[in-house]
Amino acid sequence: MQLALRLARRAGVFLVSLLGASLLIFLVTNALPGDVAQVLLGTDATPEALAELRAQLGLDQPLAVRYLQWLGGLIVGDFGSSHLNGQPVLGLLAPRLAVTLWLVLFGVLGSLLIAVPAGMVAALKRRSWPGFTISAAAQVGMAIPVFWGGIMLVLVFAVWLHWLPANGYVPLLRDPAQWASHLVLPALTLAGVQAAVLIRYVRSAFLEVLNEDYYRTARAIGWTPMRALLRHGMRNAAISLVTVLGLQVSSVLVGAIVVESVFTLPGLGTLLITAVGQRDLLVVQGTVMFLVLAVLLISALVDLSYLLIDPRQRTAGGAR
Amino acid sequence: MSLLDVRDLQVDFGRRHIPAVRGVNFSLDAGQRLGVIGESGSGKTVTALAVMGLLPENAHVAGSVVLDGQQIVGLAERGLARLRGNTVSMVFQEPMTALDPTMRVGRQVAEVLRLHQGAESGPARERVVAMLAEVGLSDADRIADAYPHQLSGGQRQRVVLAMALINSPSLVICDEPTTALDVTVQALVLAKLDEVLDASGAACLFISHDLAVVSQVCDQVLVMLDGRIVESGTVEKLFTAPEHPYTRGLVATARLDLTVPGQRLPTVDDFYAGGDHG
């Protein structure tokens, strides 16, 4: 019963946040100086021609009307069409969404694969050189900007070693091998930068576990330190790590947008940057709306994942 | 040869070598129960952790601790891990936090079995439930499937006790096992501890600040003060003829039946105001 209430409340928060985000996105994009009519007709267009085009595109309507029209469309799944070329926004988004999803998925998985073992060792060996080395490397990694990290990887693995392509993208269904080889460097860039941030959180989460009584119990029944951490530390550390991961989602998406432009991947990021430049507002709004949806969905999933990880979060009656 | 032989044990901590235990000697025969009494900071827990080889990394240990013919001081982690939970086990003070909150308690008890005996999960489950029943948990089958937060403090401490006893160790170290429990539960858990120790024939090193609690479980007692043993002997001798002024103070505070109503209660300081204690 309590669980159902909790789920319902979470769904409510999700919907309200989404609505608020749509309003904010609409207002901010419409506050941008310049408009798509200017872009289409060029700087030497007459004011009359501009006004006519604006009327044709519906841009002369009051803000509130345009917001409600857009919102109404969203609810029934219609994101509108690009002012620039008349293509439906959803059609523009779909193929690019896949690119960004792969990038983010592998980036996050990669960062976890790097940060969890490294953070564990950093916590366990905090008084000796492996711990120092990992902490220092994480500090340096945090100072490296995403784009520079990407360029360095391209330099080494594409330009010097010729192991991997420097940029571009091939859809999974067309050629899986090519698809994978094009994703390695972008995902690695994103993973490396995220891992540098995550290592510190993983380290402190495991340091906390090292001070817990149940860790001492685990040692007292005969686990070696590393095994005690794996067996009894992982799940307990995950409770705080999942929170951090949820908070990191937006920075991962920002990172993905930068990585996409470094590697010229046709993802949401490149679409967004082009659309902003061309003041193609419906495309901008649609893309940002998708990104917001992703962030909100993930933070909702984070909330629910506590139920899976931590039995204390389930109510006393329903735990058996 | 005795089961546990501690010779000139010295422990200090950190770069400044702050001493915690300064030259402790005692030995314990198989099946014997030895109480260690002292206030916090007297070095009793540090002594126990030294026997487990569980001291923190910044501890420096000197002297000798021989358990079951094996030197513990300087033994590598792998060798220590093999002894812990099997030859020697430990019951800690805080039952509320000593168990992993994310794992069912039955699995945590079974883990001790599996870790040292490689038992299969079927028979392990049976032995776990039997052990939980033996430490006095009624409805042991249901409790094995519970998470720690669903149990009371007394129940949790019994689970910890089951973990400490399931491999029939030769030595069980109890560090203030009942201090965190309320008095009625304390008496029940102590009686059960007494019973299961009798049944298994394990020796026990029982650490407490409470002379009354120690006298319920142990025959022999050590009194520790500032990292040294100041007095040792049988429980009766300690109660009837305490030698060291600090021990006299302890006995006086434990014998509340001798106090006169209306009079101020005795404190240890009335008898012993030594060293850095006010």
Side-chain angles (χ1 to χ4, degrees), chain A residues 2-3 121-132 203 205-243 305-320, chain B residues 48-49 52-58 76-104 107-117 142-143 145-151 156 159-160 163-164 166-167 169 172-173 175 180:
Chain A
Q2 226 167 332
L3 192 65
V121 172
L124 211 53
K125 308 271 179 201
R126 67 195 175 286
R127 285 185 224 275
S128 52
W129 66 266
F132 286 130
R203 178 177 180 272
F206 278 107
L207 278 182
E208 227 166 272
V209 170
L210 289 179
N211 286 323
E212 294 284 355
D213 289 346
Y214 57 76
Y215 172 75
R216 193 180 52 179
T217 306
R219 297 281 310 282
I221 65 171
W223 290 112
T224 54
M226 184 52 101
R227 295 208 156 206
L229 264 196
L230 282 172
R231 183 90 179 156
H232 293 282
M234 202 57 110
R235 199 155 171 170
N236 285 288
I239 297 170
S240 51
L241 280 185
V242 158
T243 314
S305 74
Y306 292 134
L307 290 175
L308 286 178
I309 300 172
D310 188 356
R312 286 165 296 186
Q313 301 262 341
R314 296 167 224 154
T315 47
R320 239 206 99 172
Chain B
L49 290 176
M52 290 294 284
L54 267 183
L55 286 167
E57 286 165 49
N58 63 347
E77 184 57 43
R78 198 167 283 276
L80 286 171
R82 215 168 288 142
L83 292 176
R84 292 184 202 129
N86 202 24
T87 307
V88 55
S89 63
M90 191 152 179
V91 178
F92 293 100
Q93 179 172 0
E94 286 298 331
M96 302 315 272
T97 49
L99 295 166
D100 182 346
T102 62
M103 196 185 270
R104 295 179 198 277
R107 276 188 68 195
Q108 299 192 47
V109 181
E111 211 175 85
V112 192
L113 265 184
R114 231 166 271 152
L115 201 54
H116 294 284
Q117 312 191 347
R142 193 185 56 81
I143 283 179
D145 284 331
Y147 286 100
H149 73 273
Q150 296 166 316
L151 304 178
R156 287 187 217 189
V159 172
V160 174
M163 286 174 77
I166 195 158
N167 278 342
V172 179
I173 300 176
D175 185 5

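Worth knowing before you read on, the calculation uses all heavy atoms, side chains too, and leaves out hydrogens, waters and symmetry mates. The sequence lines fix the lettering, A, B, ..., with proteins before strands; numbering per chain opens at 1.
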Using side-chain heavy atoms (C-beta onward) and a distance below 4.5 Å, is [X] in contact with [Y]?
{"X": "A:Thr243", "Y": "A:Tyr306", "result": "yes"}
{"X": "A:Phe206", "Y": "A:Met234", "result": "yes"}
{"X": "A:Val121", "Y": "A:Met226", "result": "yes"}
{"X": "B:Glu111", "Y": "B:Leu115", "result": "no"}
{"X": "B:Val91", "Y": "B:Ile173", "result": "no"}
{"X": "B:Met163", "Y": "A:Ile221", "result": "yes"}

B:Asn86 versus chain A, the contacting section by heavy-atom distance below 4.5 Å: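 Nothing of B:Asn86, per the 4.5 Å heavy-atom cut-off to chain A.
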Give, as side chain, backbone, both or neither, the part of B:Leu54 having an atom under 4.5 angstrom from any heavy atom of chain A.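 For B:Leu54, the side chain is the part near chain A, not the backbone.
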Identify which of B:Gln108, B:Glu77, B:Met90, B:His116 forms the greatest number of heavy-atom pairs closer than 4.5 Å to chain A.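 Heavy-atom pairs under 4.5 Å are most numerous for B:Glu77.
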Shorter than 4.5 Å, heavy atoms on both sides: which option in B:Glu94, B:Met103, B:Met96 has the most such pairs with chain A?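 Maximum pair count with chain A is reached by B:Met103.
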Below 4.5 Å from any heavy atom of chain B, which atoms of A:Arg227 appear? Answer side chain, backbone, both or neither.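 The answer is neither part of A:Arg227.
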Neighbour count >12 (heavy atoms, 6.0 Å) for atom CZ, A:Arg127: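 Above 12, so yes.
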Determine, for B:Glu57 against A:Lys125, whether the closest basic-nitrogen to carboxylate-oxygen distance falls under 4.0 angstrom.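 A:Lys125 and B:Glu57: not salt-bridged.
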Which of residues 210-219 of chain A have a heavy atom under 4.5 Å from any heavy atom of chain B?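 Interface residues of residues 210-219 of chain A: A:Asp213, A:Tyr214, A:Arg216, A:Thr217, A:Arg219.
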